[in-house]
2 protein chains.
Amino acid sequence: MPNLPKKFNDCLREKGLRLTTQRAVIARLALSRASHFTADDLLLWAREKDKGISRATVYRTLSLLTDLELLEGLDFGDGRLCYEPAEGRNHHDHLVCRQCGSITEFHCEAIEELQCEVADKLDFKVEHHSLKIYGICKDCSRRTEDDERR
Amino acid sequence: MPNLPKKFNDCLREKGLRLTTQRAVIARLALSRASHFTADDLLLWAREKDKGISRATVYRTLSLLTDLELLEGLDFGDGRLCYEPAEGRNHHDHLVCRQCGSITEFHCEAIEELQCEVADKLDFKVEHHSLKIYGICKDCSRRTEDDERR
DNA sequence: GTGATTGCAAAAAGTTTGCAAACTC
DNA sequence: GAGTTTGCAAACTTTTTGCAATCAC
């Protein structure tokens, strides 16, 4: 089990907040994920470690971690928020498959640069951005071709 | 008051659907907007024309218009969907001001092309995409500078 | 007249909040 | 001990749905 990032501890102390066992469990799980997850996922994982953890505490901790910029919120438009660790990862965008719901990350430096250029031209100060490409993923289109061949 | 697009009428007939007064009121209002709006905005406008229109009918008509691709749904991540007319407009992306909430449209052909290239490389069939740049708009940063000058 | 559509109210689904009890520092 | 945090349940927000009454064709 990875340690809690020093920053989490520091931020808590700095703001006079307390490191409770629930916060530790939830933060450790959330910050060690390799990819995005929902509040509900996190609640289930947390309850494996500690039966009593409540949904409210998960939501409160998620919002704390997002405020500290240790997590990033992602909205894939399915009516609930996803989260992923923000530290130690490069920015990336997402391909969302409309058929199987899978989400693939990608990164394109040229797109990032163009975005900044465009925003600059409009005197808009960029803080962050979100690019999602919706369509059909490799596996699903292969599956569809197979079906049609029959 | 603009006429209903012929396509709306045709699609209704084709699918055996009926042109009710409520649908006409709602569709006319929705399709004549220059920019994005919420279901609740539309309900208020519709009720100015016809007191009795229900929220459910607004939602049902929005979903009908979206299916017919006369409206496009936009998710700015504030927990509710926005819509804007999809016909007769070019695709565009959005700058979202974190301070005043204003939304500015822009279009960059080079970014569009790069998106297709990236997706192609990953064997992903693009259907549509959504690019949102979050930050501070021209007016808000000017306002902040003025405040600091005092 | 027949079957689509409406309005209403209730249901969903995800998230937030008030409060008393429990816990951290 | 003081003050934060928790769990619970209820509240909230946006959107969807079941159903009987109504309306378009």
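Computed from a predicted model, the values in this text were never measured in an experiment. Reminder, nothing fancy here: chain letters follow the sequence lines and each chain counts from 1.
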Atom CZ of Phe76(B) and atom C1' of dT14(D) are separated, to the nearest Å, by 17 Å
For His107(A) and His91(A), take the angle between the two ring planes, folded into 0 to 90°, and tell me which bin it lands in: parallel under 30, tilted 30 to 60, perpendicular over 60. perpendicular
Taking CG from Leu65(B) and C1' from dT15(D), how many angstroms apart are they, rounded to a whole number? 16 Å
Are Ile111(A) and Val126(B) linked, directly or through other ILVMFWY residues, by side chains that come within less than 4.5 angstrom of each other? yes
Donor-acceptor contact present, side-chain Thr57(B) to main-chain Ile53(B), <3.5 Å: no
For the pair Arg23(B) (side chain) and Arg18(B) (backbone), establish whether a donor and an acceptor sit closer than 3.5 Å, ignoring hydrogens and angles. yes
To the nearest angstrom, the CG-C1' distance between Leu43(A) and dG7(D) comes to 12 Å
Starting from Ile133(A), can I reach Ile103(A) by hopping between I/L/V/M/F/W/Y residues whose side chains sit under 4.5 Å apart? no
Whole angstroms only, please: what is the CG-P distance between Leu42(B) and dT14(D)? 15 Å
Quick one: what's the B/S/- string for nucleotides 11-17 of chain C, heavy-atom cutoff under 4.0 Å, read 5' to 3'? ---SBBB
If you pin Asp50(B) and Gly16(B) to their nearest nucleotides in DNA chain C, which one's is more 5'? Gly16(B)
From NZ of Lys15(B) over to P of dT5(C), roughly how many Å is that when rounded to an integer? 11 Å
For the residue pair His94(B) and Phe76(B), does the interplanar ring angle fall in the parallel (under 30°), tilted (30 to 60°) or perpendicular (over 60°) class? perpendicular
Interface polar pairs with nucleotides 20-25 of chain C, N/O, under 3.5 angstrom:
| from | atom 1 | to | atom 2 | distance (Å) |
| --- | --- | --- | --- | --- |
| dT24(C) | O2 | Arg18(A) | NH1 | 2.6 |
| dC25(C) | OP1 | Leu19(A) | N | 3.3 |

Looking at Trp45(A), I'd like to know if the NZ or CZ of Arg33(A) sits under 6.0 Å from its six-membered ring centre while staying within 45 degrees of the ring's axis. yes
Are any of the side-chain nitrogens in Asp123(B) or Arg142(A) under 4.0 Å away from the carboxylate oxygens of its partner? no
Ile53(B) CD1 to dG7(C) P, straight-line distance once rounded to whole Å: 6 Å
